[in-house]
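Each residue takes its place number in the sequence, starting with 1. Every heavy atom of this structure was used, including side-chain atoms; hydrogens, water molecules and symmetry mates were not.
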Amino acid sequence: MGAISDDMNGIKFVHQYGLGLHTTDRVPDVHNPTWQKRQIDDFVEFAQLAEELGFDGLTVTEHHAPLMTCPSPHLLIAAAAVKTSTIRLGTAVTILPLYNPIRVAEEAGTLDLLSGGRFELGIGRGAPGEARIALGRDLSEADLKEAWLESLELVRLLLSEHDVTFDGKYFKVTRPTSIATRPLQEEFPIWLASGSLESMAVAGGYGWSVMRNFGTDQSHKEALDYYLQVSNEHGHDRSAANMMVERFIAIGETEAEAEANCDVFANTFNQFMAHYASNGRSVPKSDGEFAIDKKKDRPALTVVGTPDQIIDQLQEALDATGARRLLVETFTPDQTRLFAREVMPVLRARNAG
């Protein structure tokens, strides 16, 4: 199976997985290692199910608050890699400021080798405050941006060149360095979480793909057009297949069943938000995964309904944004099977060619 961005004439489905959000426990015992282990075991089983059901890719998110048992996404992808053989695997996203860029490049290469050339690295800045914690200094926004851009460039160099040196303000590689685990894929796929036109330009300049969750459908379309313009200016042949937009999915055979499934997910999500805020952190306002539809008391990215209703809503998202890749997350195996059986084939057929 080729890279997720291959084949600009069709659409693809990548399943995001936030460990902990898939529990059906009304009051999860989030500090209990036994409960935490069950979330990890469920994810590894899910990776095999997603491959069996025909999803094009599977990604893991990264969070550092109770309930979300995914602070180490690369370890989780490694576990999925040895249990699967064809599905593409990735992170959505690796929070780059929390790591040394050399380590990220090494682990990306290792995961590509381990998976037989199926890994795609998603990178992002993470929630506000995490970069300052990682760097150990109370830096200004200008400094944080400069450090971020340096880390992106260093990751790019390490994954594409040998004997890298780098003389940055925040990162220095004074001795020629080649990572010991180079990706199998000649053009290693990198996806940048891009919430602004500025970050779309960075991705376009590098020829990387983009993933988006924050903003209106119109803003996604404008961002895609700008990304394609910048990509072309830098000599990169990119298309709408290089952008994915995210949606949470609550699906049921009936509307009542779909609403009940949504209520279970919303309850779990709200508990995660409470844990996140309890550590003194402000809830991010520029990350669509955290946005809440206050009228319905559910995450704003949520699409709810029967298979036919989900099809219509996702088709509308595809048409309005222009994206040809959907990053979706269902929250129980039964919902995943229903989505794969009733929704994916219809949307693939509608959007073929």
Side-chain angles (χ1 to χ4, degrees), residues 4 10-26 28 39 42-43 45-61 68 87 92 211-213 217 220 244-273 288-293 295-321 323-352:
I4 291 169
I11 65 167
K12 290 185 180 180
F13 296 89
V14 178
H15 198 293
Q16 169 75 310
Y17 199 103
L19 279 75
L21 288 183
H22 294 244
T23 184
T24 55
D25 297 339
R26 292 299 296 179
Q39 309 318 303
D42 287 348
F43 165 71
E45 289 184 12
F46 182 87
Q48 299 168 78
L49 176 64
E51 180 171 88
E52 174 190 325
L53 293 175
F55 282 89
D56 299 285
L58 174 66
T59 60
V60 177
T61 189
M68 293 282 269
I87 193 170
M211 53 180 68
R212 290 174 61 88
N213 59 25
D217 287 349
H220 292 323
M244 67 172 77
V245 292
E246 183 178 9
R247 294 291 186 272
F248 296 138
I249 306 293
I251 189 171
E253 295 281 7
T254 65
E255 290 185 23
E257 182 180 302
E259 288 292 340
N261 288 334
C262 183
D263 287 344
V264 173
F265 160 59
N267 171 70
T268 304
F269 187 87
N270 288 338
Q271 291 189 59
F272 164 65
M273 293 277 278
E289 286 193 335
F290 286 82
I292 297 294
D293 182 337
K295 291 182 179 179
K296 297 181 179 180
D297 192 29
R298 64 181 54 156
L301 289 177
T302 310
V303 176
V304 186
T306 64
D308 286 344
Q309 292 170 328
I310 297 292
I311 289 168
D312 289 343
Q313 292 176 78
L314 292 183
Q315 185 65 61
E316 181 180 351
L318 290 167
D319 293 341
T321 64
R324 308 301 286 169
R325 301 294 179 261
L326 286 169
L327 183 64
V328 300
E329 186 162 10
T330 60
F331 294 94
T332 64
D334 284 345
Q335 291 184 75
T336 309
R337 292 187 182 93
L338 181 60
F339 181 86
R341 184 177 69 247
E342 302 291 340
V343 176
M344 293 201 309
V346 175
L347 286 174
R348 288 192 200 278
R350 281 189 186 180
N351 295 276

Check your understanding: Looking only at heavy atoms, what is the nearest atom pair of T23 and P28, with distance?
Key -> CG2-CG, 3.8 Å
Check your understanding: How far does CD1 of I311 sit from CE of M344, to the nearest 0.5 angstrom?
Key -> 11.5 Å
Check your understanding: Less than 4.0 Å between a side-chain N and a carboxylate O, is that true for E316 and R247?
Key -> no
Exercise for review: For this output row, return yes or no: ring centroids of F46 and H15 closer than 6.0 angstrom.
Suggested key: yes
Practice item. Please name the residue in the list T321, I4, I11, N213 that meets the side chain to side chain contact (heavy atoms under 4.5 Å, CB included) test with M244. Key: I4
Check your understanding: Just how far is it from atom CG of L301 to atom CD1 of I249, taken to the nearest 0.5 Å?
Key -> 10.0 Å
**Study point:** Nearest atoms (heavy-atom pairs only) where Q313 meets V304
**Key:** NE2-O, 3.0 Å
Point to revise | L21 side, atom CG; T61 side, atom OG1 - distance, nearest 0.5 Å | key: 8.5 Å
Exercise for review: Could you grab the distance from atom CD of Q39 to atom CG of D25, nearest 0.5 Å is fine?
Suggested key: 7.0 Å
Review point. Between CG of L326 and CG of L347, what distance do you get to the nearest 0.5 Å?
Key: 7.5 Å
Check your understanding: Is there a side-chain contact between R26 and N267 (heavy atoms, below 4.5 Å)?
Key -> yes
Practice item. Please determine, by modelled atom types, if E257 and T254 share a side-chain donor-acceptor pair under 3.5 angstrom. Key: no
Study note, to complete from the structure: All heavy atoms of T306 vs all of A258, minimum pair found to be N-CB, 4.5 Å
Exercise for review: State, to 0.1 Å, how close P307 and G252 come at their nearest heavy-atom pair, and which atoms those are.
Suggested key: CD-O, 3.3 Å
Point to revise | Any donor-acceptor pair under 3.5 Å from N270 side chain to A266 backbone | key: yes
Point to revise | With sequence neighbours excluded, residues passing side-chain hydrogen bond (donor to acceptor under 3.5 Å, both in side chains) with R350 | key: none
**Study point:** Gap between atom CD of E342 and atom CZ of R337 - 0.5 Å precision
**Key:** 14.0 Å
Review point. Are any non-hydrogen side-chain atoms of F55 and T336 less than 4.5 angstrom apart?
Key: yes
Check your understanding: What closest approach, in Å, do A92 and Q16 show between heavy atoms, and which atom pair accounts for it?
Key -> O-NE2, 2.9 Å
Point to revise | Atom of L318, atom of A323 and distance for their closest heavy-atom approach | key: CD2-O, 3.2 Å
Practice item. Could you label the plane-to-plane angle of the H22 and F331 rings as parallel, tilted or perpendicular, counting under 30° as parallel and over 60° as perpendicular? Key: tilted
Practice item. Check whether any side-chain heavy atom of F339 lies under 4.5 Å from a side-chain heavy atom of L314, and answer yes or no. Key: yes
